[in-house]
Amino acid sequence: MKAPTNPGPEPDDRRTRLLGFGEHSVSKSYYPELRRRLEELERFRSLLDQTGDAIFLVDVGSGRITDAAGAAGAMLRLGSHELVGRFFEDFLPVDAVCQLRGLFSGDFAAGRIETALALPGAVAGTRLPVEMTFRLAQGGDGPIAVIVARDVIERKKSEEALRRAEERYRGIVENAAEGIFQSTLTGRLMNVNPALAAILGYTSALDLMEHVKNVVDDVVDCPDDRHRIRNELERYDQVKNLEVQLLTKSGQRIWGLINARRIRDGEGQAERFDGSVQDVSVRKKAEETLIRYHDELEQRVAERTAELTRINERLLHEVTIRKRAEEAAEAANRAKSDFLSMVSHEIRTPLTSVLGFAVLIQKRLQKLLAPLTDGPPQRRRQAEQVQENLGIIVAEGERLKHLINDVLDLAKLEAGKMAFHKDRVDPAAVIRHVMSACVGLLQGSRVNLTTSIEGRLPEIVGDRDRLIQVLVNLVSNALKFTETGSVACRARVQGHSIVIEVADTGIGIPEAEQHKVFEKFNQIGGTLTNKPKGTGLGLAICKHIVESHGGRIFFVSKPGAGSTFTFTLPIA
């Protein structure tokens, strides 16, 4: 920076000399006029200092700043008195210095440039963008340059933002998948993007603009569509989501979705049309295919509905027939139950008499035939045969009585007429009672009968006699089909239920018979001819009794390895 060689007089000294108070003053007769002129100058200077522009007066001969006003000091971060005497070139870049020297040399008398001022004391390279105007004026001491600099940093920021926005917009338009165009009010294309050219089959946007003279007449295929577009633009200033057929360069017809609107200036005058075009041919084909499939589906649905109606009518007829059959079967079942109940009751009464008299006859004959046992062998054999026959009569009578009782019980259970006398029952006591009663069945047997009760069993609500009937049936069945080994009765609490198991190590149940274990009149191990015959109703009755108590019964069995029958009862 060059220091001033001849700094000007101080402002106060200049004011004193101008007013005629200095030592060089010759006359004071001009004082009022000078004072008025000075005040005008000061007001003018004050107005200049309040402007947002920086004003510099530069001596053409020396290139130094002789005065600075306005925003000069604020702009360069120096006081106005600090700027006076500095070379103005020190604040300019090279290209602006050349312009300034051209002004000083008299090549031109005025000019305007955009440049940047260097800020004293700032980081190297920091400059303030300005718009600078300059002109030559004639001063008292020779030509002087009047330079006005305006801060354009905000304008530069706005221009940069606008430039970036335009670049982004241009990038969006150029890379958009849909065609975008601008046209004059007469339909001549002004701008198009590559996508529109590609949609219409042209090699480039320029190729499209050269061949298409009117965007409506040359591109839209149907006259009615062209009329509709013009009509909507005229009435509403826009066309929204209009699907029309378009002509490509090769003459092919495609489906396009058009959006367009009329653009007006600030005074409301129409300027141009902006619009976009999307190729929706694939979607239209898909829609047509979908419509065709929909029609086919509607037809199939109608056919299927008619078929289902016929099937439904047939099913209703079959349901009606089945319902009548079920009602007939239910009536027959009730009749059967009533018949079985009556017949069982009527048979049980005389059977009891027959069985009772047979037992009496057996006892009497045993006494009468006792002497014959010491007689001749023939008479002894006849007496033994008579006794055996009477034993068979008594045994079969007992079996018949059990059969009748079971049939009567099952009929009542199935008809829901079985009366349960429910009360609070100790399941442990029931188990011990049954196991003690079954000890008599072990005479001459090689089977070990065991009982296992885990902890204290809570009470249940049920019919004690019927629960004993269930457990007796399960234990007796286990003993019947177990020649050696063990039969165990186990009980425990599981959740909210009592679980009772009867497990044996007997012959097990063949897989082919397991599915019908709980069926009526089914004999477990029926193929074993050396085992006593039962009624085949015991397990069916057990199932009804357990389920009537809110429990369930099931089993697992392996042929040759035994079976385990389990039933559950809810805790009271």
Practice task
Might you confirm whether atom CD of E511 has over 12 heavy atoms from other residues, nucleotides or ligands at distances under 6.0 Å?
Solution key: no
Practice task
Any chance you could lay out the side-chain contact (heavy atoms from CB on, under 4.5 Å) test for I321 and H317, step after step, and finish with the verdict?
Solution key: CA-CA 6 Å; I321 295 174; H317 179 67; 3.2 Å; yes
Problem - Heavy-atom side-chain contact between I113 and F134 under 4.5 Å - result: yes
Practice task
Might you point out which heavy atoms bring L76 and A118 nearest each other, and give the distance in Å?
Solution key: CD2-O, 3.7 Å
Exercise for the section: Report the residues that fulfil ring pair (Phe, Tyr, Trp, His ring centres under 6.0 Å) with F88, sequence neighbours left out, ordered by chain and then residue number. Expected result: F56
Exercise for the section: Would you indicate whether H515, at its atom NE2, is surrounded by more than 12 heavy atoms from other residues, nucleotides or ligands within a distance under 6.0 Å? Expected result: yes
Exercise for the section: Could you check if a side-chain atom of V130 sits within less than 4.5 angstrom of a side-chain atom of T115, using non-hydrogen atoms only? Expected result: yes
Fill in the blank from the handout: The reported gap from CZ in R226 to CG in D218 (rounded to nearest 0.5 angstrom) is 9.0 Å
Practice task
To the nearest 0.5 Å, tell me how far I144 CD1 sits from R135 CZ.
Solution key: 10.5 Å
Considering only distance and modelled atom types, tabulate donor-acceptor pairs under 3.5 Å from the side chains of residues 264-278, sequence neighbours left out.
{"from": "R264", "atom 1": "NE", "to": "D237", "atom 2": "OD2", "distance (Å)": "3.1"}
{"from": "R264", "atom 1": "NH1", "to": "G268", "atom 2": "O", "distance (Å)": "3.0"}
{"from": "R264", "atom 1": "NH2", "to": "D237", "atom 2": "OD1", "distance (Å)": "3.3"}
{"from": "R264", "atom 1": "NH2", "to": "D237", "atom 2": "OD2", "distance (Å)": "3.2"}
{"from": "D265", "atom 1": "OD1", "to": "E267", "atom 2": "N", "distance (Å)": "3.0"}
{"from": "D265", "atom 1": "OD1", "to": "G268", "atom 2": "N", "distance (Å)": "2.9"}
{"from": "D265", "atom 1": "OD1", "to": "Q269", "atom 2": "N", "distance (Å)": "2.7"}
{"from": "R272", "atom 1": "NE", "to": "D274", "atom 2": "OD1", "distance (Å)": "3.0"}
{"from": "R272", "atom 1": "NH2", "to": "D274", "atom 2": "OD2", "distance (Å)": "3.3"}
{"from": "D274", "atom 1": "OD1", "to": "Q182", "atom 2": "NE2", "distance (Å)": "3.4"}

Practice task
Could you tell me whether K285 and E288 have a side-chain N and a carboxylate O separated by less than 4.0 Å?
Solution key: no
Practice task
Would you indicate whether the side-chain heavy atoms of P458 and V493 approach each other to under 4.5 Å?
Solution key: yes
Completion exercise
Taken in chain and number order and not counting sequence neighbours, the residues that satisfy side-chain hydrogen bond (donor to acceptor under 3.5 Å, both in side chains) with R230 are D217
Problem - H294 and its side chain to side chain donor-acceptor pair (under 3.5 Å) partner, picked from R292, E298, E296 - result: E298
Problem - Inter-residue atom distance K284.NZ - L290.CG, 0.5 Å rounding - result: 12.0 Å
Fill in the blank from the handout: Across all chains, not counting sequence neighbours, the side-chain contact (heavy atoms from CB on, under 4.5 Å) partners of Q245 are D221, R253, W255
Problem - Spacing of L246 atom CG and I258 atom CD1 [to the nearest 0.5 Å] - result: 5.0 Å
Exercise for the section: Taking N312 for its side chain and L308 for its backbone only, find out whether a donor-acceptor pair lies under 3.5 Å. Expected result: no
Exercise for the section: Using atom types as modelled and distance alone, determine if a side-chain donor or acceptor of N193 lies under 3.5 Å from a backbone N or O of E178. Expected result: yes
Completion exercise
With sequence neighbours left out, the residues meeting salt bridge (charged side-chain N to carboxylate O under 4.0 Å, His left out) with R112 are E131
Practice task
Using the test side-chain hydrogen bond (donor to acceptor under 3.5 Å, both in side chains), find all partners of R322 that sit at least two apart in sequence or belong to another chain.
Solution key: none
Problem - Heavy-atom neighbours of Y236 OH exceed 12 at 6.0 Å - result: no
Exercise for the section: Report yes or no: does T66 contribute a side-chain atom to a donor-acceptor pair with the main-chain N or O of L57 at less than 3.5 Å? Expected result: yes
Exercise for the section: State which residues pass salt bridge (charged side-chain N to carboxylate O under 4.0 Å, His left out) with K213; sequence neighbours excluded, sorted by chain then number. Expected result: none
Practice task
Taking atom CZ of R324 as the centre, report whether more than 12 heavy atoms of other residues, nucleotides or ligands fall under 6.0 Å from it.
Solution key: no
Problem - Residues forming a salt bridge (charged side-chain N to carboxylate O under 4.0 Å, His left out) with R283, sequence neighbours excluded - result: E243, E287
Handout entry: R262 bridged to E234 by N-O distance under 4.0 Å
Key = yes
Handout entry: Exam field: side chain N241 to backbone N259, donor-acceptor pair closer than 3.5 Å
Key = no
Problem - Non-neighbouring partners of K156 that pass side-chain hydrogen bond (donor to acceptor under 3.5 Å, both in side chains), sequence neighbours left out - result: E114
Fill in the blank from the handout: So CD of E89 and CZ of R64: to nearest 0.5 Å the spacing works out to 11.0 Å
Handout entry: Test log, rule salt bridge (Lys or Arg N to Asp or Glu O under 4.0 Å), inputs R304 and E307
Key = CA-CA 5 Å; R304 184 60 176 164; E307 182 182 354; 3.1 Å; yes
Problem - Side chain to side chain, F181 and L208, heavy atoms closer than 4.5 Å - result: no
Practice task
Taking all heavy atoms of I553 and all of V546, pick out the closest pair and write down the distance.
Solution key: N-CG1, 4.2 Å
Problem - Contact check, side chains of E454 and R490, non-hydrogen atoms, under 4.5 Å - result: no
Exercise for the section: Using a 4.5 Å cut-off on heavy atoms from C-beta on, say whether the side chain of E513 contacts that of V517. Expected result: no
Exercise for the section: Using atom types as modelled and distance alone, determine if a side-chain donor or acceptor of T248 lies under 3.5 Å from a backbone N or O of G201. Expected result: no
Handout entry: Criterion side-chain contact (heavy atoms from CB on, under 4.5 Å) on I571 and I498, from CA distance to verdict
Key = CA-CA 6 Å; I571 297 173; I498 302 294; 4.0 Å; yes
Fill in the blank from the handout: What one should report as the nearest heavy-atom pair of A197 and A205 is CB-N, 3.8 Å
Practice task
List in chain and number order the residues that pass side-chain contact (heavy atoms from CB on, under 4.5 Å) with V239, two or more places apart in sequence or in another chain; answer none if no residue qualifies.
Solution key: I229, E232, L233, L242
Problem - M132 CE to L117 CG distance, which is reported to the nearest 0.5 Å - result: 6.5 Å
Problem - Residues forming a side-chain hydrogen bond (donor to acceptor under 3.5 Å, both in side chains) with D59, sequence neighbours excluded - result: S62
Problem - Pairwise side-chain contact, V192 with Y202, heavy-atom cut-off 4.5 Å (strictly under) - result: no
Problem - Sequence-distant partners of K249, salt bridge (charged side-chain N to carboxylate O under 4.0 Å, His left out), two or more places apart - result: D207
Handout entry: Side-chain heavy-atom pair F567, I545 within 4.5 angstrom cut-off
Key = no
